[in-house]
There are 2 protein chains.
Amino acid sequence: MSHQDLQLLSHDCGSCPIRHRAVCARCDADELQQLEQIKYYRSYQAGQTLIWSGDRMDFVASVVTGIATLTQTMEDGRRQMVGLLLPSDFVGRPGRQSAAYDVTAATDLVMCCFRKKPFEELMSKTPHVAQRLLEMTLDELDAAREWMLLLGRKTAREKIASLLSIIARRDASLKLRATKGVVTFDLPLTREEMADYLGLTLETVSRQMSALKRDGVIGLEGKRHVKVADFDRLLEETGDDSDGGFLN
Amino acid sequence: MSHQDLQLLSHDCGSCPIRHRAVCARCDADELQQLEQIKYYRSYQAGQTLIWSGDRMDFVASVVTGIATLTQTMEDGRRQMVGLLLPSDFVGRPGRQSAAYDVTAATDLVMCCFRKKPFEELMSKTPHVAQRLLEMTLDELDAAREWMLLLGRKTAREKIASLLSIIARRDASLKLRATKGVVTFDLPLTREEMADYLGLTLETVSRQMSALKRDGVIGLEGKRHVKVADFDRLLEETGDDSDGGFLN
DNA sequence: CTGTCGCATTGACGCAGATCAACTGGATTG
DNA sequence: CAATCCAGTTGATCTGCGTCAATGCGACAG
């Protein structure tokens, strides 16, 4: 997962704007041409597991539309989400044989895949792709470390508020600027998936959602549609430093 | 943090073997020559904070000897360790202006630093360095995700056992092979640092250490010296899949 | 309209780990 | 050889979240 401005997504440079931004924002025409030749699209249904941990991987890919999750499972069934992939995010690891995590479609999903072997060859010939990938991986590492703070030290309420603000930010960042802190969005995750993200049980997630609603921090219409009347108020509940420079 | 075989450390290729492995295991003579010109060493005392979150960073670096930690702190003082840097690990992020975390010396520490500007130039000219860095960053991301499972889903006892096995692996992996599962090592962290690593309090760490000792899983001589008579037994306590292919 | 299926909510209760506090033991200092 | 300090240990108590179980509610089928 990366903290990148969604506005960039509108920068269309071909039939698959997202893919280009993801792997070769700085690529020249020749490099784009080569990528064009090794790509193909795949689509999946919500709930489907595309890749099992340990699977041999012969491609890398980038999310075009929809949301996917990375999860790890212990022998006794305890599960922890370790990645949330939104459009433009990258999946797969050049130089690795097999997948390290289960990848599951949380919503209907379209991926743009690249055959791994030629992709790796392209990478070793041009510094652009490797550099872009490094940048994206560093973004993911930052997100993972923020996530570790959440898992290790935040209360259930703070965890929920943090997750809501993360989703609001990525899902509705444009709207957010335009509306001075009023945002509405649909949760792309079930309560159970939220629990796996946050290291909680689904019951605790449900209770804290109700509590935030009761306290007027969020509004709920149906189970999934969330309305945040005052985004700053939500941020106060996350336990993070005030607004982290997002709105300023 | 990376899961790399410590044996490689003994591969000496110059005055600073670790540095070479860290950033340019595949570099040619010319590239090495350039690295040589932009490097300098710095040493720090145990307990010293080398870098504060938000500091402007004009170098990247690699740990030569000693141990450093990356930590995040919330306004009210809650702290979470998000990185543990052992010899050969890399610090700093090409392309970023400022540090995202506090970096603190857990033991006396020697770092090999590279001035950032010329390092970035070298990176953009040669694919080797960027690729090597990508590989290391992917290793760190894997470690971070393993760590997330630990923080989100493991019990206190499993957390302690996991940390001990991680340290034993990196600190004593050579000995481990030679001695069929019997290892002794010194903890490089205080109980409080262990707690910050594991998302626990120092009291809980202490209690669980005592419990593992009482149950014969580990032996303790003094506060810091740990003896593991049966490494497989320790691994069973971690909650992970049996041995994760380490000894096989 | 009624049954049922999958998510979500809510309540009652228990426990792992946090909190608060007293104590130990080794190292350092005057 | 006290006096102090600091890391660690251990005990008593509290509490936030997990566990187990019942109930609600919209969607969809017959």
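In the text below, chain A, chain B and the rest are named by the order of the sequence lines, each starting its count at 1.
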Student: Starting from P on dC7(C), measure out to CE on Met194(A) and report it in whole angstrom.
Tutor: 15 Å
Student: Less than 4.0 Å between a side-chain N and a carboxylate O, is that true for Arg79(B) and Asp102(B)?
Tutor: no
Student: Pull out every residue in residues 202-218 of chain B that has a heavy atom closer than 4.0 Å to any atom of DNA chain C, ordered by number, or say none.
Tutor: Glu203(B), Thr204(B), Arg207(B)
Student: Using the ring of each side chain (for Trp, its six-membered ring), is Trp147(B) parallel, tilted or perpendicular to Tyr197(B), with breaks at 30° and 60°?
Tutor: parallel
Student: Using the test side-chain contact (heavy atoms from CB on, under 4.5 Å), find all partners of Arg233(A) that sit at least two apart in sequence or belong to another chain.
Tutor: Val217(A), Asp230(A), Glu236(A), Glu237(A)
Student: Specify the angle, to 10°, made by the local axes at the two ends of the helix from dC1(C)-dG30(D) to dG30(C)-dC1(D) when five pairs are taken at each end.
Tutor: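 The two end axes of the helix from dC1(C)-dG30(D) to dG30(C)-dC1(D) meet at 20°.
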Student: How many Å lie between CD on Glu192(A) and P on dA8(C), as a whole number?
Tutor: 9 Å
Student: Which whole-number value in Å describes the distance from Asp186(A) CG to dA8(C) C1'?
Tutor: 16 Å
Student: Between Arg191(B) and Ala156(A), which has a closest nucleotide on DNA chain D that is more 5'?
Tutor: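 This one resolves to Arg191(B).
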Student: At 4.0 Å (heavy atoms only), tell me whether Gly47(A) reaches a base, stays on the sugar-phosphate, or touches nothing.
Tutor: nothing
Student: With heavy atoms of chain B within less than 4.0 Å as the criterion, where does contact along DNA chain D begin and end?
Tutor: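 Extent of the interface on DNA chain D: dG8(D) to dA12(D).
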Student: Across the strands shown, which category fits Arg157(A) at heavy-atom distances under 4.0 angstrom: base, sugar-phosphate, nothing?
Tutor: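 No contact.
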Student: Mind checking if Arg78(A) touches a base, just sugar-phosphate, or nothing, with heavy atoms under 4.0 Å?
Tutor: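 Since no nucleic acid heavy atom lies under 4.0 Å of Arg78(A), the category is nothing.
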Student: Could you tell me the separation between the NZ atom of Lys154(A) and the P atom of dA18(C), rounded to a whole number of Å?
Tutor: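 Checked: the NZ to P distance equals 18 Å.
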Student: Just jot down the side-chain contact (heavy atoms from CB on, under 4.5 Å) partners of Thr155(B), sequence neighbours excluded, or say none.
Tutor: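 Arg78(A), Arg157(B), Glu158(B).
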Student: Return the set of residues passing side-chain contact (heavy atoms from CB on, under 4.5 Å) with Arg96(A) (not counting sequence neighbours), or none when no residue passes.
Tutor: Arg93(A), Leu138(B), Asp139(B), Asp142(B)
